[in-house]
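Letters A, B, ... are given to chains in the order of the sequence lines, protein chains preceding strands, and every chain is numbered from 1.
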Amino acid sequence: MGPTAANRPELAVRWLADRSIGRGDDTGVALRPGIGIALAVANETLALGSDDPGEVLELIRAIEVEIQPRWVWWDRSTADPIARGAIEIARCWDVLTVHRLLHGGWRTSIPIVWAWLHGLSIDSLPAMGQLDLLGAHGDEGDDPENPVRPDRHLRPEWSSGGWGDSPQRLGRWATLALEASQLQRRLLDERPDPGRAHSTARSESAAEFLCAELTLEGLPVDEGEAVRIIADAVGPRPTDEADAERLRARRDAEVLGHLGPGPGVDLRNPADVKAMLRRVAVDVPDTRAWRLEQHRNDHPIVEALLTWRKAERIATTYGYRWLDEHVHGGRLRGEWTSSDGAAGRMTASAGLHNLPAEMRPAVVAETGHVFVRADLGQIEPRVLAAVSGDEALIAATQDDDLYQPIATRLRVERDIAKVAVLGAMYGSTTGESANALRGLERNYPTAMGHLEQAAAAGRAGDDVFTVGGRRVRMWFDDSIDGDIDRARRVAAARGRFARNATIQGAAAEFFKVWAIIVRARAAALDARIVLCLHDELIVHSPRANAEQAAEMLHEALAEAAYRWSPSRDVRYIADVSVIERWSQAKG
DNA sequence: ATCGTAGGCGCC
DNA sequence: AAAGGGCGCCTACGAT
């Protein structure tokens, strides 16, 4: 006779306490709504069946309140239901997220992680189709209830979902997650700065859980306002396909009307557009907006084309279809991931990270609420100062505008200094900033040396590492076909990529530490993070708590700097404002 | 038909 | 000022 539903949360708490699990100690967990939940500690598991998802969440909540362990799970399949239960998990370890940190890249899966951690070849990964070849008549000891096959790979029918078929399986799955995390800890120990690497693994895991919450939470959007903006750009919602076609043709005609007789032009085909421009004596290598900008006065069709492109963007990407697909109940929702495949920035779909400025008036706080918005000032050069330890650059970070002291030192205009610093971090070497770049090399040799070292590694095809220990893979274009020019271009591109990745990646790590501190503190103010945008946070807060939230954002930044910054002396700044709609942000 | 790629553009 | 880095998403197009 099992425990009754009512006392199971207490039972689970006691079970952990009896095994000396306390605050911050690892506890493996796997859950499947409708099936149950399992906890795993060093050598034991507690598997509880339950068809009541509410009961399972109650159990987690009780453990979180009483013990606050570090929850160790494989991936979002366990994190998502916990986030749906609105449980404020404080500490976690997401095996897939830590794998991305250790291995680099984004594409991965549980069987790949398992194989990699055990030194098994990815080529020998079993596919779903062949599962019975061994299973039915296979060797002795090939037990389908054992998730690990005799060849030490994970059983594909488990990793593709079978892990949640029974409480017993959940128990084994939670145990494996715990095992995987222990192997990951050993690999983190081998990083040049193990303490920092472990810290990054924890903060990146927390950021992944934040992403699970962001996916559910959504960004408040006033749908009526959004419709007004869209209608303004591309007209009213088309009634049917024919109407849509008619509106499209009308937009096209605004541009094509500038042309004399000749062959038909498809404005959506760049080659066609290029040929069209040549007909009016505008010769460009490509038709990108910044290039057309310089020919704005050469022929009226250029202006018309640029306007057409803006409207086309709204019509195709941020139009009625986007609204119908991604905005529901006044919230814009997309999928969030805590690290991209390159340097580790957060990503979001549904346009959350690239909403055009014209659409931002539609992002409005709900009744009784405001947005407390904060963005980090000049974060990348400040991070460069921190990771390189360049004393002169660290000194410059004391200024609110760090480009000013740099300009003074280089004896150039402030904007020239800015371009030079950005160019150094992005790998630009040409143009007017080239002189200033040499000035940077003389005056900030440590910082510039740091960038050059990363670039050299990239050019050689070597992976680079962020200060937090993330491996950044030089994955692209390794085909060698004897084309010297092409090889040189690829090497140069890798150099630029590596140069930027160490800074962009470190800034992403710092940003995430800031974000998870804000997340943890926002709860007490009844506030929630609703958007993370590389150096910007938007917190949706009850109006009454806005001032406290604004202050909290500054305090969280100080704490993030304390926790993350490799240099104690670098100054980080944030601009914080309380606004009702996103467009009120001073850019 | 379905897929991947390229050109383009939005944001940081 | 130059056209350097990242992402997601659109369309057209060519290969399969």
Side-chain angles (χ1 to χ4, degrees), chain A residues 106 233 248 266-274 284-294 305-306 308-319 321-322 325-326 334-360 363 375-380 384 403 412-437 451 454-455 458 464 472 476-477 489 492-508 511 531-537 582 585 587:
Chain A
W106 188 86
R248 202 155 45 218
D266 180 357
L267 292 174
R268 291 158 192 84
N269 182 336
D272 255 27
V273 172
K274 212 167 111 176
V284 282
D286 59 63
T287 69
R288 294 196 163 89
W290 63 264
R291 214 186 279 282
L292 294 182
E293 208 67 52
Q294 287 145 2
L305 178 62
L306 287 167
W308 178 89
R309 284 245 178 96
K310 269 220 173 306
E312 185 70 2
R313 169 77 22 193
I314 300 273
T316 56
T317 308
Y318 300 101
R321 194 176 61 185
W322 168 78
E325 246 177 75
H326 303 294
E335 293 295 324
W336 287 80
T337 14
S338 60
S339 59
D340 62 32
R345 293 216 292 203
M346 289 171 97
T347 68
S349 66
L352 280 156
H353 274 177
N354 43 3
L355 208 63
E358 302 97 285
M359 290 302 300
R360 294 188 179 195
V363 178
D375 73 299
L376 301 174
Q378 306 168 336
I379 187 58
E380 291 194 338
L384 170 61
Y403 297 120
V412 296
E413 290 297 311
R414 185 255 184 207
D415 285 352
I416 299 284
K418 177 180 176 180
V419 171
V421 171
L422 294 176
M425 291 188 299
Y426 288 146
S428 169
T429 51
T430 55
E432 248 193 81
S433 62
N435 278 332
L437 196 63
L451 293 170
V464 292
V472 179
F476 52 94
D477 255 332
R489 278 199 306 276
R494 282 176 166 163
R496 288 192 299 272
F497 173 64
R499 176 186 287 273
N500 182 248
T502 57
I503 303 307
Q504 190 188 99
F511 175 80
L531 190 77
C532 296
L533 192 42
H534 308 314
D535 65 352
E536 178 175 0
L537 278 174
W582 197 5

>> Regarding A/T287 and A/R309, do their side chains bring together a donor and an acceptor under 3.5 Å, going by distance alone?
In response: yes
For the pair made of [atom1] in [X] and [atom2] in [N], what is the distance, rounded to whole Å?
| X | N | atom1 | atom2 | answer |
| --- | --- | --- | --- | --- |
| A/D266 | B/dG8 | CG | C1' | 13 Å |
| A/E293 | B/dG8 | CD | P | 15 Å |
| A/N435 | C/dA2 | CG | P | 12 Å |
| A/L437 | C/dA1 | CG | P | 17 Å |
| A/E536 | B/dC11 | CD | C1' | 10 Å |
| A/L352 | C/dG6 | CG | P | 22 Å |
| A/R291 | B/dG8 | CZ | P | 9 Å |
| A/H534 | C/dG6 | NE2 | P | 13 Å |

> Do A/V363 and A/L531 have side chains that get closer than 4.5 Å, going by heavy atoms?
Replying inline: no
> Taking side chain as C-beta onward, heavy atoms only, is A/Q504 less than 4.5 Å from A/H534?
Replying inline: no
Among [options], the nucleotide that comes nearest once only the side chain of [X] is considered:
| X | options | answer |
| --- | --- | --- |
| A/R321 | C/dC10, C/dG6, C/dA3 | C/dC10 |
| A/W290 | C/dT11, B/dC11, C/dA3 | C/dA3 |
| A/R288 | B/dG7, C/dA1, C/dG6 | B/dG7 |
| A/D535 | B/dG10, B/dC12, B/dG8 | B/dC12 |
| A/P270 | C/dG6, C/dC9, B/dG7 | B/dG7 |
| A/S349 | C/dC7, C/dC9, B/dG8 | C/dC9 |

Contact class for [X] (heavy atom, under 4.0 Å): base, sugar-phosphate, or nothing?
| X | value |
| --- | --- |
| A/K310 | sugar-phosphate |
| A/A343 | nothing |
| A/D415 | nothing |
| A/A424 | nothing |
| A/R360 | sugar-phosphate |
| A/A357 | sugar-phosphate |
| A/A501 | nothing |

Verify the contact: side-chain N or O of [X] to OP1 or OP2 of [N], cut-off strictly under 4.0 Å; return yes or no.
| X | N | answer |
| --- | --- | --- |
| A/R496 | C/dG6 | no |
| A/K274 | B/dG7 | no |
| A/N354 | B/dC12 | no |
| A/S428 | C/dG5 | no |

> When only distance counts, do a donor and an acceptor, one from the side chain of A/R313 and one from the base of C/dC10, lie under 3.5 Å apart?
Replying inline: no
>> On the side chain of A/R345, is there an atom forming a donor-acceptor pair with the base of C/dG6 - under 3.5 Å, no angle test?
In response: yes
> Start at the 5' end of DNA chain C and walk down; is the nucleotide closest to A/K418 or to A/N500 reached first?
Replying inline: A/K418
>> Quick check on DNA chain C: between A/E312 and A/T347, whose nearest nucleotide comes earlier from the 5' end?
In response: A/T347
>> For the backbone of A/S349 and the side chain of A/H326, can you confirm whether one donor and one acceptor N or O come within less than 3.5 Å of each other?
In response: no
>> Within a 6.0 Å radius of atom CD on A/Q294, are there more than 12 heavy atoms belonging to other residues, nucleotides or ligands?
In response: yes
> Is any NZ, NE, NH1 or NH2 atom of the basic residue among A/E312 and A/R268 found under 4.0 Å from an Asp or Glu carboxylate oxygen of the other?
Replying inline: yes
>> Taking A/D286 first and then A/R291, would you say they form a salt bridge - that is, a charged N and a carboxylate O separated by under 4.0 Å?
In response: yes
